[in-house]
Amino acid sequence: MELKQMAPSIHILWLLSIQFLVLVNGGKIPAIIVFGDSSVDSGNNNYIPTVARSNFQPYGRDFNGGRPTGRFSNGKITTDFISDAFGLKPAIPAYLDPSYSISDFATGVTFASAATGYDNATSNVLSVIPLWKQLEYYKNYQKKLRAYLGDRKANGVISGALYLISVGTNDFLENYYAIPGRSSEYTIEEYENFLVGIAASFTEKLYELGARKISLGGLPPMGCMPLERTGNLMGGSECVDSFNNLAADFNGKLNALVIKQNKKFHGMQMVFSDPYGILMKIIQKPAVYGFEVTAVACCATGMFEMGYACSRRNPFTCSNADKFVFWDSFHPTQKTCSIIATYIVQNALTKFLSH
């Protein structure tokens with residue numbers, strides 16, 4: 001019981017100490033620029049023809065004024081908390097949202113698209129924005145930024161910004177293991193290497209475009225997502241170890257890539273941000289973090305629903321999402337995102353608080 005009561009206050013102290021560091025060091029990061037999938041999409045998919053959307057209730061019910069934004073959460077997502085920790089805006093806007101302009105994007109923007117992956121074939125499954133297209137949007141953003149700030153200031157933002165990349169889960173769960181195609185072309189190890197090659201090419205292109213401070217995000221323990229646990233009938237609805245082991249193995253390869261590219265590219269400061277360990281700790285010892293439910297999600301029955309299946313009219317949706325690790329069958333709650341963000345800032349991004 002004591003642990004339950006202590007955890008939130010400890011978490012708040014962590015966040016305050018991080019924000020104090022930002023104040024002391026004068027807020028060295030001018031902007032946060034984001035690429036990836038639903039873990040970091042704040043609403044880009046609202047403006048493209050796809051079913052991979054969440055711009056309706058109960059999504060966003062704990063966001064400002066209970067407004068569904070397109071975030072796959074009951075409130076904020078991890079990148080929002082990271083932005084806030086760095087003394088920037090409390091929520092990162094979506095590039096395709098017409099209610100924002102370059103003046104908003106100058107300190108933070110996300111090009112991410114729910115259901116995308118490293119692999120173009122993954123983005124084709126639900127007709128979402130592939131990584132190469134996200135990079136094209138970023139190039140357009142640079143032009144707008146230069147027109148808005150002038151070349152000198154814009155170049156300062158581009159080189160000083162923190163670039164966050166969070167993608168990869170869909171390549172395995174929505175593509176390789178879900179539909180025929182890649183699994184007949186590649187063994188799982190070959191597919192991992194194929195994806196790491198794409199990650200390497202993407203970060204190299206970012207570097208060529210002026211990015212220097214890059215966070216390459218790892219995969220979560222995919223086998224513990226409620227969707228995978230629900231399907232694990234033979235295993236008593238426990239976490240699927242094979243998917244977790246795959247995520248851990250892939251993360252090792254991404255970490256090796258980070259080390260390699262830091263040596264290869266002069267001035268590159270890339271870090272590996274790994275959500276795996278902290279999320280696994282939360283799932284294994286939920287009470288320590290103030291959670292009660294790990295195996296099912298808050299939305300609907302909590303077993304398999306996400307996106308449009310999370311209807312606001314579903315009578316089973318939980319009343320207090322803070323007791324749940326997962327919001328829908330695939331995505332964490334706002335509270336979980338907050339804890340993951342604090343961990344990542346402290347353990348991977350801390351070097352950027354003072355540089």
Side-chain angles (χ1 to χ4, degrees), residues 34 36-63 66-80 91-92 94-97 110-117 119 121-131 133-134 166-179 219-220 222-231 243 279 293 295-318 321 324-337:
V34 186
D37 57 22
S38 59
S39 61
V40 290
D41 180 3
S42 62
N44 283 311
N45 278 18
N46 299 350
Y47 306 99
I48 62 171
T50 179
V51 296
R53 289 187 184 179
S54 60
N55 58 336
F56 47 85
Q57 292 183 341
Y59 286 96
R61 73 179 194 191
D62 297 311
F63 198 76
R67 187 168 59 93
T69 58
R71 289 169 172 81
F72 281 79
S73 170
N74 57 305
K76 290 185 178 185
I77 53 178
T78 306
T79 38
D80 296 324
I92 296 180
Y95 185 65
L96 298 184
D97 188 336
T110 180
F111 304 98
S113 177
T116 202
D119 186 356
T122 303
S123 60
N124 291 340
V125 175
L126 293 176
S127 303
V128 296
I129 305 167
L131 266 187
K133 182 69 172 177
Q134 292 183 33
S166 178
V167 67
T169 306
N170 297 313
D171 290 307
F172 297 104
L173 299 185
E174 303 299 311
N175 183 357
Y176 190 89
Y177 286 110
I179 56 174
L219 302 188
M222 304 184 295
C224 290
M225 292 173 174
L227 183 68
E228 304 311 323
R229 293 180 74 154
T230 299
F243 284 155
L279 188 51
V293 186
V296 296
C298 171
C299 183
T301 66
M303 297 170 72
F304 57 85
E305 296 92 347
M306 59 181 156
Y308 285 113
C310 278
S311 167
R312 64 183 295 183
R313 293 179 292 277
N314 194 296
F316 298 108
T317 297
C318 78
F324 288 71
V325 175
F326 290 94
W327 165 248
D328 65 15
S329 66
F330 215 79
H331 304 98
T333 57
Q334 172 177 258
K335 180 179 172 182
T336 307
C337 287

Query - Residues N44 and S113: side-chain donor-acceptor under 3.5 angstrom - result: no

Query - Pairing of D62 and K76 as salt bridge, 4.0 angstrom limit - result: no

Query raised in the report: Stepwise, does the side-chain contact (heavy atoms from CB on, under 4.5 Å) test hold for L219 with F172?
Result: CA-CA 10 Å; L219 302 188; F172 297 104; 3.7 Å; yes

Query raised in the report: Hey, is the main chain of V325 close enough, under 3.5 Å, to the side chain of T336 for a donor-acceptor pair?
Result: yes

Query raised in the report: When rounded to the nearest 0.5 angstrom, what is the spacing between CZ in F72 and OG in S38?
Result: 6.0 Å

**Report entry** Nearest-0.5 Å distance that lies between atom CD in E174 and atom CG in D119
**Finding:** 13.0 Å

Requested in this report: Write down the atom of D37, the atom of N170, and the distance for their closest heavy-atom approach.
Outcome: CB-ND2, 3.6 Å

Query raised in the report: If we ignore angles and hydrogens, is there a donor and acceptor under 3.5 Å between the side chains of T122 and D171?
Result: yes

Requested in this report: Could you tell me which non-hydrogen atom of G117 sits nearest to which non-hydrogen atom of L131, and how far apart they are?
Outcome: O-CG, 3.8 Å

Query raised in the report: If every non-hydrogen atom of L126 is compared with every non-hydrogen atom of A115, which pair is closest and at what distance?
Result: CD1-CB, 3.8 Å

Query raised in the report: For M225 and T169, what are the C-alpha separation, side-chain angles and deciding distance, and is it a side-chain contact (heavy atoms from CB on, under 4.5 Å)?
Result: CA-CA 11 Å; M225 292 173 174; T169 306; 3.7 Å; yes

Report task. Side-chain contact test, heavy atoms from C-beta onward, threshold under 4.5 Å: evaluate it for I48 versus L96 and give yes or no. Result -> yes

Query raised in the report: Below 2.5 Å, is that where the SG pair of C318 and C299 sits?
Result: no

Report summary line: CZ (F111) and OG1 (T116) are apart, to the nearest 0.5 Å, by 14.5 Å

Report task. Kindly compute the distance separating OG (S73) from CG (D41), expressed to the nearest 0.5 Å. Result -> 12.0 Å

Query raised in the report: Is there a donor-acceptor pair closer than 3.5 Å between any side-chain N or O of R53 and the backbone N or O of A114?
Result: no

Query raised in the report: Looking only at side chains, do N74 and Y59 share a donor and an acceptor under 3.5 Å apart?
Result: no

Query raised in the report: Any donor-acceptor pair under 3.5 Å linking the side chain of S42 with the backbone of T110?
Result: no

Query raised in the report: Can you check whether R61 reaches T317 side chain to side chain, under 4.5 Å on heavy atoms?
Result: yes

Report task. Find the distance between CG (N124) and CG (N175) and round it off to the nearest 0.5 Å. Result -> 9.0 Å

Query raised in the report: What heavy-atom pair brings S54 and P68 nearest, and what distance separates the two atoms?
Result: O-CB, 4.2 Å

Report task. Evaluate side chain to side chain donor-acceptor pair (under 3.5 Å) for T69 paired with R71, printing each intermediate quantity in order. Result -> CA-CA 6 Å; T69 58; R71 289 169 172 81; 3.1 Å; yes

Query raised in the report: Hey, what do you get for OG (S311) to CD (Q57), rounding to the nearest 0.5 Å?
Result: 10.5 Å

Query raised in the report: How about V128 and N45: do any of their side-chain heavy atoms sit closer than 4.5 Å?
Result: yes

Query raised in the report: Just by distance, do the side chain of Q134 and the backbone of G36 share a donor-acceptor pair under 3.5 Å?
Result: yes

Report task. Please assess E305 against S329 for the test side-chain contact (heavy atoms from CB on, under 4.5 Å), listing each intermediate value before the final yes or no. Result -> CA-CA 6 Å; E305 296 92 347; S329 66; 5.6 Å; no

Query raised in the report: Is it the case that more than 12 heavy atoms not belonging to Y308 sit under 6.0 Å from its OH atom?
Result: yes

Query raised in the report: Nearest heavy-atom pair of D328 and G307: which atoms, and what distance?
Result: OD2-N, 4.1 Å

Query - Side-chain donor-acceptor contact under 3.5 Å, H331 with S39 - result: no

Query - Closest non-hydrogen atom pair, F304 against T230 - result: N-OG1, 4.5 Å

